[in-house]
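One structure is given below, encoded as structure tokens.
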Amino acid sequence: MTAAPKRGSGDALLGRIVSSLEEDKAEEIVKINLAGKSEMADHMVVCSGRSSRQVTGLAEKLADRLKHEFGIFCKIEGKDQGDWVLIDAGDVIVHVFRPEVREFYQLEKMWMNPGASAKVVTPSEA
């Protein structure tokens, strides 16, 4: 049984999401601040996995960690196909793509400020 995501501490949650994705070798992790842009969440994280199997694994491990560490029951969409998985963790929405699907949709560009470029997170910035 899946419960609705509960709101957590935005910055701590965001930091743990990014570190979880890094631990599991997600690629090109991008954090997007949604404050003032959307009421659905405070932050969005977009990243890539090399294959459908890795995309699904990244999503499952992240959801499991957030459940155990924050008590958040994430809603997950798209896990069956593994091309694009959405993880709703309340204050943070996470999109995990296969690289070619990510390139096609260019989701980051929709949410970035005009003229801003996407910033890939490095482990020292998490």
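- Ionic pairing of E77 and K75 is present here: one or more N-O contacts between side-chain nitrogen and carboxylate oxygen are shorter than 4.0 angstrom.
- The shortest distance between side-chain heavy atoms of L21 and V94 falls below 4.5 Å.
- Here A63 pairs with C74, I76 under the side-chain contact (heavy atoms from CB on, under 4.5 Å) rule; sequence neighbours left out.
- Side-chain atoms of I72 and K67, non-hydrogen and from C-beta on, never get closer than 4.5 Å to each other.
- At a threshold of 4.5 Å between non-hydrogen side-chain atoms, the residues M44 and V92 do not count as touching.
- Applying the side-chain hydrogen bond (donor to acceptor under 3.5 Å, both in side chains) criterion to D64, with sequence neighbours excluded, gives H68.
- Remark: H95 pairs with W84 by the side-chain hydrogen bond (donor to acceptor under 3.5 Å, both in side chains) rule, at least two apart or across chains.
- Looking at residues two or more places apart in sequence or on another chain, you find a salt bridge (Lys or Arg N to Asp or Glu O under 4.0 Å) between K61 and D24.
- Under the rule for a side-chain hydrogen bond (donor to acceptor under 3.5 Å, both in side chains), T56 has no partner lying at least two apart in sequence or in another chain.
- Between I17 and L66, some side-chain heavy-atom pair lies under the 4.5 Å cut-off.
- Interatomic distance, E27 CD to L58 CG, rounded to the nearest 0.5 Å: 9.5 Å.
- At least one donor-acceptor pair under 3.5 Å links the side chain of K37 to the backbone N or O of W111.
- Q106 is linked by a side-chain hydrogen bond (donor to acceptor under 3.5 Å, both in side chains) to E103, K109, counting only residues two or more places apart in sequence or in another chain.
- Contact between V85 and G78 at its shortest, heavy atoms only, is CG2-O, 3.6 Å.
- A search for salt bridge (Lys or Arg N to Asp or Glu O under 4.0 Å) contacts involving E23 returns R16, R65, not counting sequence neighbours.
- To the nearest 0.5 Å, atoms CG (D91) and CG (D42) are separated by 4.5 Å.
- I32 places none of its side-chain heavy atoms less than 4.5 Å from the side chain of L107.
- Considering all non-hydrogen atoms of both residues, A41 and L34 come closest at O-CB, 3.5 Å.
- V45 pairs with exactly one of I93, L62, V96, L14 by the side-chain contact (heavy atoms from CB on, under 4.5 Å) rule, that one being L14.
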